[in-house]
Amino acid sequence: MRKALEVLGILADGRCHSGGDIARSLHITRAAVWERIATLRGAGLEIHGQSGRGYQLETAVELLAAAKIRDGMEPGPRSRIREIQVLSRIDSTNQRLLDQSMQSDIDGVACLAETQTKGRGRRGDNWHAPLAGGLYLSLGWRFERTPATFAALGLVVGVCTVEALAACGCGGIGLKWPNDLVHGRDKLGGILIELRSELSGPTTVVIGIGINLLLGESVRQRIDQPSTDLAKVCGAIPSRNRLAATLLSRLAIDLPIFGSQGFGPWQKRYAKLDVLRGETVKLVLQDDIVAGTVEGIGETGALQLRTADGVRSFLSGRINRTV
Ligand code: BTN
């Protein structure tokens, strides 16, 4: 894949490049170019082959670059992000940081990948991660004291992510409790928080964020729920490096505030983005289904559901939007 990415680096501008030119600039044979093009196509990229002319990506892409991400960050929060790792391919960026945490401190370490082979979603789902077709980012973070409303961390990360998208020109995105980024009824992204278990003292977490930028038709067909991507929602794909930089800046500012003050300061910000408020839903719990109307999100991050038995609070569950 690393070698195929060298070819992608040339095609990334969206122009047509002849097999001969690609071969010459990478010092490889035309047959090797063809093999690498096949690898890129296998990873889900749409590449047109025009006989006699060359190869052209259907949509130009911007490859991730750690230096560009760091340069794009605001100076204050930049100092809080100790390391930015950019990988071509990994099983899961969350898993990579969890593994790393067994040997070293992952606080302030960000890991991004062009593609994941075993991207993880919540409830054991797969997270489809087509090559250069999304933002797949994990951040290790240590909370010296665990806030009482710790379960709401995913909600805070959701707010940061939607606000970062808006700052990059992608507005109109909402949050579906607890951790889905949505546009209308379609899922655009999600958040997976995993804990590095410690017996006592500070809590270290891995915050995983996945955002769809450009889902090819083959990937779209494999996703078992209505989904969308930024190309559709914004009409253009924002710079992935700028988006990563903006998101990391926001997290580096907001996570320490969450650490000391809990969810309270986010309640109003979340409410502005909450797509479920006022909606009649079914909440699927491990051994029950509760129907009701969403009143909002409480100050601990719990869903407030008006049911036949009055208003009830829930800290977890899966929402089915019934109407
Ligand atoms: C969900 O909505 O189910 C959560 C999806 C989280 C996906 C991201 S992509 C980066 C990080 N690495 C993973 O394996 N998963 C998260």
Side-chain angles (χ1 to χ4, degrees), residues 1 5 40 42-45 61 63-64 85-101 106 109-141 153-162 164-165 170 173-183 185-196 205-233 237-238 240 243-244 247-248 251 284 316-320:
M1 179 58 74
L5 278 179
L40 295 174
L45 282 176
V61 299
L63 295 181
L64 294 167
Q85 307 171 353
V86 169
L87 311 169
S88 313
R89 181 167 71 162
I90 188 81
D91 50 359
S92 147
T93 53
N94 265 28
Q95 188 58 49
R96 156 110 178 176
L97 287 188
L98 286 170
D99 290 346
Q100 203 174 318
S101 73
I106 58 161
V109 177
C111 176
L112 297 95
E114 293 291 1
T115 183
Q116 299 181 115
T117 52
K118 284 188 189 149
R120 282 207 289 267
R122 288 201 317 280
R123 295 182 298 274
D125 288 349
N126 288 332
W127 184 259
H128 296 277
L131 181 63
L135 190 75
Y136 321 119
L137 181 154
S138 297
L139 176 66
W141 199 266
L153 173 59
L155 278 61
V156 169
V157 174
V159 171
C160 290
T161 308
V162 174
L165 282 163
C170 297
I173 296 159
L175 289 169
K176 174 181 168 233
W177 183 90
N179 291 144
D180 284 356
L181 274 67
V182 292
H183 184 257
R185 292 192 161 238
D186 299 335
K187 182 157 171 170
L188 176 82
I191 289 149
L192 175 69
I193 312 269
E194 297 188 89
L195 240 76
R196 159 92 170 78
V205 292
V206 173
I207 297 167
I209 303 167
I211 305 171
N212 301 329
L213 270 88
L214 183 64
L215 296 175
E217 202 36 53
S218 60
V219 178
R220 208 178 282 273
Q221 278 169 10
R222 276 184 272 141
I223 303 179
D224 58 1
Q225 59 181 314
S227 300
T228 191
D229 56 29
L230 287 181
K232 259 210 187 127
V233 171
I237 305 174
R240 287 194 301 157
L243 180 56
L247 181 50
L248 285 173
L251 290 170
V284 183
S316 63
R318 185 166 53 82
I319 295 279
N320 264 0

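Because only heavy atoms are used, hydrogens play no part in the values below, and waters and symmetry mates are left out as well, while side chains stay in.
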Looking only at non-hydrogen atoms, find the nearest pair between Pro178 and Leu155 and report the distance.
O-CD1, 3.7 Å
Distance-only, no hydrogens or angles: does the Glu114 side chain make a donor-acceptor pair with backbone N or O of Leu64 under 3.5 Å?
yes
Provide the closest heavy-atom pair for Pro238 versus Cys170 in the form atom of the first, atom of the second, distance.
CG-SG, 3.8 Å
Considering all heavy atoms of both residues, which atom of Ala231 and which atom of Ile237 are nearest to each other, and what is their separation?
CB-CG1, 3.9 Å
CD of Glu194 to OG of Ser101: how many Å apart, nearest 0.5 Å?
10.5 Å
Provide the closest heavy-atom pair for Arg240 versus Leu63 in the form atom of the first, atom of the second, distance.
NH2-CA, 3.6 Å
Under 3.5 Å: donor-acceptor pair, side chain of Asp91, backbone of Lys118:
no
Pairwise side-chain contact, Cys111 with Leu87, heavy-atom cut-off 4.5 Å (strictly under):
yes
CG/Leu137 to CD1/Ile207 distance, rounded to the nearest 0.5 angstrom?
9.5 Å
Mind running side chain to side chain contact (heavy atoms under 4.5 Å, CB included) on Ile211 and Leu243 for me, showing each step along the way?
CA-CA 10 Å; Ile211 305 171; Leu243 180 56; 4.3 Å; yes
How long is the straight-line distance from CZ of Arg120 back to CG of Asn94, given to the nearest 0.5 Å?
6.0 Å
Given side chains that start at C-beta, do those of Ile223 and Val219 come closer than 4.5 Å, heavy atoms only?
yes
As an exercise, state the distance from CG of Leu213 to CG of Asp229, rounded to the nearest 0.5 Å.
7.5 Å
Closest heavy-atom contact between Arg220 and Leu215?
NH2-O, 3.3 Å
Let me check something: any side-chain donor-acceptor pairs from residues 122-131 under 3.5 Å, sequence neighbours excluded? List them with distances.
unit_1, atom_1, unit_2, atom_2, d
Arg122, NH1, Ile191, O, 3.3
Arg122, NH2, Asp180, OD1, 3.4

Could you tell me whether the side chain of Leu251 reaches within less than 4.5 Å of the side chain of Ile209, counting heavy atoms only?
yes
So CG of Leu135 and CG of Leu230: to nearest 0.5 Å the spacing works out to 9.0 Å
Carefully, step by step, assess Lys232 and His183 under the rule side chain to side chain contact (heavy atoms under 4.5 Å, CB included).
CA-CA 10 Å; Lys232 259 210 187 127; His183 184 257; over 6 Å; no
Between Thr93 and Leu112, is the side chain to side chain contact (heavy atoms under 4.5 Å, CB included) condition met? List the steps.
CA-CA 6 Å; Thr93 53; Leu112 297 95; 5.7 Å; no
Please find the pair of heavy atoms, one from Ile173 and one from Leu165, that lie closest to each other, and give the distance.
CD1-CD1, 3.9 Å
Is the backbone of Thr228 close enough, under 3.5 Å, to the side chain of Asp186 for a donor and an acceptor to pair up by distance?
no
Would you indicate whether the side-chain heavy atoms of Leu181 and Leu175 approach each other to under 4.5 Å?
yes
Are Leu195 and Val205 packed together at the side-chain level, in the sense that at least one heavy-atom pair is separated by less than 4.5 angstrom?
yes
I need the Gln100 CD to Ser138 OG distance, nearest 0.5 Å.
11.0 Å
